[in-house]
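Only one structure is covered here, and it is reproduced in the block below.
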Amino acid sequence: MKFGIDRLLEEPALRKPLAGRRVALLAHPASVSAGLVHSLDALAAAGVKLTAAFGPQHGLRGDKQDNMIESPDFNDPVHGIPVFSLYGKLRRPAPPMMEGFDVLLVDLQDLGCRVYTFLTTLRYVLEAAAEHRKSVWVLDRPNPAGRPIEGFKLRPGWESFVGAGALPMRHGLTLGEAAKWFVATLKLEVELNVVAMQGWKPDAAPGYGWPLGERAWVNPSPNAPNLWMARCYPGTVLLEGTTLSEGRGTTRPLEVLGAPDLDMNEVIKTMRNLEPRWLQGCRLRPFWFEPTFHKHAGKLCAGLQIHVEAPHYDHEAFRPWRVVALAFKAIRSLAPDYALWRDFPYEYETRLAIDVISGGSLLRQWVDDADARPGDLDAVARADEAAWREEREAVLLYR
């Protein structure tokens, strides 16, 4: 199969409309060609007239480890063009940044989760392009989480840098499709061109969204080291709003959860008693880990790992958002006074982090309500998922 960047590099007819136009690139470390050449270098070698570049969270070429660690603007030493940070003093492009180009190419590897900030950055650059009459080309890449949909849609008033719009947690779109959805729902007057992938089969084993064995995985962010993390992320990202470790400071970040003061065997047993159907498609393994940094650094944590590799992975059955929600419910059932929710500034928000991540307070309220059952959460989520499945149909590019 071919990603959008590869088609643009290999097909002169696709590049022809760029001739004589000033071009900017929004990219990050995973923005590479099939030959693992960074897109900035590959486009320059193909004769594209690059006049600017943009870097999202974690930077254009280098990695910033954690949330709210900002990247500066700089001048690219190889190509001699300005590189503007969209995760620094500003997260939206400022008017002066928009003056130096005619067409913005967006080449970002996404994870298919509403919280992943590249989705919000895409919205912001589309809005800026509409305002300044610039063209946007999205060089499409796979959604490694595939097509399944899961979770509540973001509630009105809960938009943030980790909540670009009223999508569910796991939306099942590529960035090219998401761009089409933003243009339609925000009624943006912008020239949008999606350079579609060729041969993407989101329902095909073993990758179910990612061309496993065909393309190398390059971390799109420092704690996204593999496909298994991408599968778990729509659930494990919720851990960022809790006192539980999500495995930062270990070799398997965002595939695990834990804390020093938990009895993980009891947590897993309680999860199975509460709703065993939510645990289908994966295996849960109790283990111990010691983070080298971040939450509980240097402390031995009782943890569980969510295993989503073969032979036990079932792509259609696995529901990571429900798995992690059920873990929260089990912990609350075992220890009603457990300090589960972490109150701290999260992505420049002062509202409670778990609510910002969840796109509303419904999940937290369900966890904290002793009388609420799994079926109560499921009923609301299923309604949102069904509505989104119908809504997204109009923007799907790959059938």
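Computed from heavy atoms alone, side chains included, the values below leave out hydrogens, waters and symmetry copies. What you see is a predicted model, and the numbers here were worked out from it, not measured in a lab.
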Could you state the interatomic distance from [atom1] ([X]) to [atom2] ([Y]), rounded to the nearest 0.5 Å?
X: Arg342; Y: Thr242; atom1: CZ; atom2: OG1; value: 8.5 Å
X: Asn143; Y: His171; atom1: CG; atom2: NE2; value: 6.0 Å
X: Phe182; Y: Lys187; atom1: CZ; atom2: NZ; value: 14.5 Å
X: Thr250; Y: Gln305; atom1: OG1; atom2: CD; value: 8.5 Å
X: Thr236; Y: Glu246; atom1: OG1; atom2: CD; value: 8.0 Å
X: Leu108; Y: Leu119; atom1: CG; atom2: CG; value: 10.5 Å

Crowding at CZ, Arg283 (>12 non-hydrogen neighbours, <6.0 Å):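 Atom CZ in Arg283 is not crowded, with 12 or fewer foreign heavy atoms closer than 6.0 Å.
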
So His79 and Asp41, side chain to side chain donor-acceptor pair (under 3.5 Å) or not? Walk me through it. CA-CA 8 Å; His79 304 289; Asp41 304 319; 2.7 Å; yes

Any donor and acceptor pair, going by atom type alone, linking the side chain of [X] with main-chain N or O of [Y] inside 3.5 Å?
X: Ser39; Y: Ser31; answer: yes
X: Arg114; Y: Leu167; answer: yes
X: Glu266; Y: Met264; answer: no
X: Ser358; Y: Ser361; answer: no
X: Tyr398; Y: Met197; answer: yes
X: Asp102; Y: Arg21; answer: no
X: Thr121; Y: Pro56; answer: no
X: Arg15; Y: Leu8; answer: yes
X: Trp217; Y: Ala224; answer: yes
X: Thr51; Y: Gly100; answer: yes

Are any non-hydrogen side-chain atoms of [X] and [Y] less than 4.5 angstrom apart?
X: Pro93; Y: Val125; result: yes
X: Pro253; Y: Met229; result: no
X: Leu18; Y: Lys49; result: no
X: Thr243; Y: Trp341; result: no
X: Leu262; Y: Leu244; result: yes
X: Arg252; Y: Trp228; result: yes
X: Arg364; Y: Leu352; result: yes
X: Gln280; Y: Phe318; result: no

Minimum heavy-atom separation for [X] to [Y], with atom names?
X: Pro374; Y: Leu326; value: CG-CD1, 4.5 Å
X: Pro142; Y: Trp200; value: CB-NE1, 3.4 Å
X: Val395; Y: Glu177; value: O-CG, 3.3 Å
X: Gly258; Y: Cys301; value: C-CB, 4.3 Å
X: Pro148; Y: Glu316; value: CG-OE2, 4.3 Å
X: Val380; Y: Leu362; value: CG1-CD1, 4.4 Å

Thinking salt bridges, do [X] and [Y] make one under a 4.0 Å N-O criterion?
X: Arg61; Y: Asp76; answer: yes
X: Arg399; Y: Glu393; answer: yes
X: Arg123; Y: Glu127; answer: yes
X: Glu385; Y: Arg382; answer: no
X: Arg332; Y: Asp368; answer: yes
X: Arg155; Y: Asp384; answer: yes

Quick check: is [Y] connected to [X] through a chain of hydrophobic side chains (ILVMFWY, heavy atoms under 4.5 Å apart)?
X: Trp278; Y: Ile268; result: yes
X: Leu60; Y: Val218; result: no
X: Leu104; Y: Trp137; result: yes
X: Leu186; Y: Val106; result: yes
X: Val162; Y: Phe344; result: yes

With a distance cut-off below 6.0 Å to the six-membered ring centre and an angular limit of 45° from the axis, does [X] pair with [Y] as a cation-pi contact?
X: Lys153; Y: Trp388; answer: no
X: Arg231; Y: Tyr313; answer: yes
X: Arg351; Y: Trp158; answer: yes
X: Arg141; Y: Phe3; answer: no

Decide side chain to side chain contact (heavy atoms under 4.5 Å, CB included) for Val323 and Ile306; before the verdict, give the C-alpha distance in whole Å, the side-chain angles of both, and the deciding distance to 0.1 Å. CA-CA 9 Å; Val323 171; Ile306 305 170; 4.1 Å; yes

With Asp378, the salt bridge (Lys or Arg N to Asp or Glu O under 4.0 Å) member among Arg373, Lys329, Arg322: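 Of all the options given, the one that passes is Arg322.
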
Using the six-membered ring wherever Trp is involved, compare the ring planes of [X] and [Y] and label them parallel, tilted or perpendicular (cut-offs 30° and 60°).
X: Phe289; Y: Phe287; result: parallel
X: Phe54; Y: Phe84; result: tilted
X: Tyr233; Y: Tyr116; result: perpendicular

Working for side chain to side chain contact (heavy atoms under 4.5 Å, CB included), residues Glu290 and Lys299: CA-CA 5 Å; Glu290 185 177 296; Lys299 297 179 181 179; 5.7 Å; no

Quick one: do the Asp107 and His28 side chains pair a donor with an acceptor below 3.5 Å?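 There is no such pair between these side chains.
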
Any side-chain donor-acceptor pair under 3.5 Å between Thr174 and Asp140?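 Thr174 vs Asp140: donor-acceptor pair found between side chains.
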
Checking Glu255 against Asn226 for the side chain to side chain donor-acceptor pair (under 3.5 Å) test, could you report, in this order, the C-alpha distance in whole Å, the side-chain angles of both residues, the deciding distance, and whether it holds? CA-CA 10 Å; Glu255 296 176 63; Asn226 53 50; 3.3 Å; yes

Establish, yes or no, whether a centroid distance under 6.0 Å links the rings of Trp321 and Phe152.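 Between Trp321 and Phe152, the centre distance is under 6.0 Å.
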
Centroid-to-centroid, Tyr87 to His58, below 6.0 Å?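 When the ring centroids of Tyr87 and His58 are compared, they turn out to be at least 6.0 Å apart.
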
